[in-house]
Each structure stands twice: as C-alpha cells, then as structure tokens.
Amino acid sequence: SQGRYDIAEQMLNKARKAREKALGREDMATLETISLFALVQKDQGRWKEAESLFMQVMETRKRVLGEEHPSTLTSMANQASTYRNQGRWKEAESLEVQVMETRKRVLGEEHPDTLTSMNNLAFTWEYQGHHSNALALMKGCAEARRRVLGEEHPHTLSSLTTVAVF
C-alpha cells in the first residue's frame, strides 16, 4: 500500500542522509542505502529519480570497487531495469549484455547472478521483438537453472513458464 511506501521512503531517506553525513558518499553502507531508496522510487514508478540514484551508485562503485565487482554489476543491472521500465530498450540491452558477459567471466556461466542476467536480457530482447534470440537465451537460462537450482526452485519454474509463453 502507498502508506508503507511513504514510510519506507521517509526512513530510507533519513538513513541515507545520516550515512552520507557520518560515513561519506562513497561508503558501501551509504551506497546500499541509496540503492534501497532507489528501489522504492522505482517501485513507485519514479523512474527518473530511481535512474539518477542508481547512476550515482553505479558510477561510485565502478570508481571505488572496479567495473567487475559483484556490487558494481548489481548496480549496473539495477540501472538497466530502470531503462527497461521506461521502454529504453537499447540502453537496457547494452548494460544487460555487459553485466551478463562480465558475470559469466567473473562468477561463472551457471552462477545464479549470471542466470538472472540472462533472464533479464531475454526479456529485453523479447520486448524488442527479437523473439528467436530471446527464446534461445531463456531456454539456456531455464536449463541451467534446472541444473543449478533444481526443478522446483521458483526461478527455475519462472524461466520454464516463460519459455512456454515466449
């Protein structure tokens, strides 16, 4: 409900300001709080606000942690999701490909985070009308999730359902 979002937003904004003051803008706890605040903004359809916050976190993590750090890649994936939610498919695709390829190299081809990246990119391709590429990627994701997470895992079931409807 909207009331919960308002309370969460107020609390996270207060925590964000306090952490920025006490710890600085480049502190990992501060960046995590900013990310949570951005997620609340995104969940409320405030795409521009979320995009700005995710961009801030992504750029800081790139500079402080490096472009291949898992937290940086999560920030990039969050930024891509704001592009996707706004129908900015090419921008979303560009980041999603980068995140997926980097996660494959750094975490491995069947790491759950890599599989999430595959899932996200498949949806972006489907929305762009690249049906055969989307279907092939989602099939690969579903099979890998079956092996790694098991038949009954919610992510596996979600990917298998998506393959059926693509």
Steps toward side-chain contact (heavy atoms from CB on, under 4.5 Å) verdict (E26, L31)
CA-CA 7 Å; E26 294 188 352; L31 293 174; 5.5 Å; no

Hydrophobic cluster identity match, F123 and W89, side-chain contacts under 4.5 Å
yes

Pair E59 + R63: basic N to acidic O under 4.0 Å:
no

With side chains defined as the heavy atoms from C-beta onward, is the minimum distance between H155 and L115 less than 4.5 Å?
no

Say whether Y127 and F166 are linked into one hydrophobic cluster, either directly or through other cluster members, by side-chain heavy-atom distances under 4.5 angstrom.
yes

Closest heavy-atom pair, G66 versus T72, reported as atoms and distance to 0.1 Å, is O-OG1, 2.9 Å

Step by step, work out the side-chain contact (heavy atoms from CB on, under 4.5 Å) result for L65 and M28.
CA-CA 10 Å; L65 300 173; M28 293 305 114; 3.6 Å; yes

Student check: side-chain heavy atoms of E96 and V99 closer than 4.5 Å
no

Within a strict 4.5 Å, meaning less than it, do heavy atoms of the S35 and R61 side chains meet?
yes

Distance check, rounded to the nearest 0.5 Å: N78 atom CG versus L95 atom CG?
10.5 Å

Check the pair M55 / S52 against side-chain contact (heavy atoms from CB on, under 4.5 Å), numbers first and verdict last.
CA-CA 5 Å; M55 183 66 75; S52 176; 5.8 Å; no

Would you say that K90 contacts Y83 through its side chain, given a criterion of any heavy-atom pair below 4.5 Å between the two side chains?
no

Could you go through the salt bridge (Lys or Arg N to Asp or Glu O under 4.0 Å) check for K104 and E109 one step at a time?
CA-CA 4 Å; K104 280 182 180 180; E109 294 206 9; 5.1 Å; no

Could you tell me the separation between the OG1 atom of T114 and the CG atom of L73, rounded to the nearest 0.5 Å?
9.0 Å

Give a yes or no on whether a salt bridge exists between E9 and R16, defined as a side-chain N under 4.0 angstrom from a carboxylate O.
no

Spell out, as yes or no, whether a donor-acceptor pair under 3.5 Å connects the side chain of T30 to the backbone of G24.
yes

Reference residue E51; test side chain to side chain contact (heavy atoms under 4.5 Å, CB included); the match among R88, Q56, Q41:
R88

Report whether L36 and F54 are members of the same hydrophobic cluster (ILVMFWY, side-chain heavy atoms less than 4.5 Å apart, transitive linking).
yes

To the nearest 0.5 Å, atom CE of M76 lies from atom OG of S81 at 13.0 Å

Which heavy atom in D27 sits nearest to a heavy atom in L23, and how many Å separate them?
OD2-CD1, 3.3 Å

What distance do M11 atom CE and N13 atom CG have between them, rounded to the nearest 0.5 Å?
12.0 Å

Tell me whether I34 is reachable from L39 by hopping between hydrophobic residues (I, L, V, M, F, W, Y) whose side-chain heavy atoms are closer than 4.5 Å.
yes

Heavy-atom nearest pair, A38 first then L53, reads CB-CB, 3.7 Å

Report the distance from atom CZ of R145 to atom OG of S158, rounding to the nearest 0.5 Å.
6.5 Å

Please find the pair of heavy atoms, one from T162 and one from M138, that lie closest to each other, and give the distance.
CG2-CE, 3.6 Å

On a heavy-atom basis, the closest approach of M118 and L137 is O-CD2, 3.4 Å

Say you draw a straight line from CZ of R84 to CG of L121; how long is it, rounded to the nearest 0.5 Å?
9.5 Å

K17 and E20 ion-paired at < 4.0 Å:
no

Show the nearest heavy-atom pair for residues T156 and A142, with the distance to one decimal.
CG2-O, 4.4 Å

Output, in order, the C-alpha distance, side-chain angles, deciding distance and verdict of side-chain contact (heavy atoms from CB on, under 4.5 Å) for Q44 and E49.
CA-CA 10 Å; Q44 294 184 77; E49 293 91 337; over 6 Å; no

Does some side-chain heavy atom of T82 sit less than 4.5 Å from a side-chain heavy atom of K42?
yes

Sole candidate of N119, T116, L160 that passes side chain to side chain contact (heavy atoms under 4.5 Å, CB included) when paired with C141:
N119

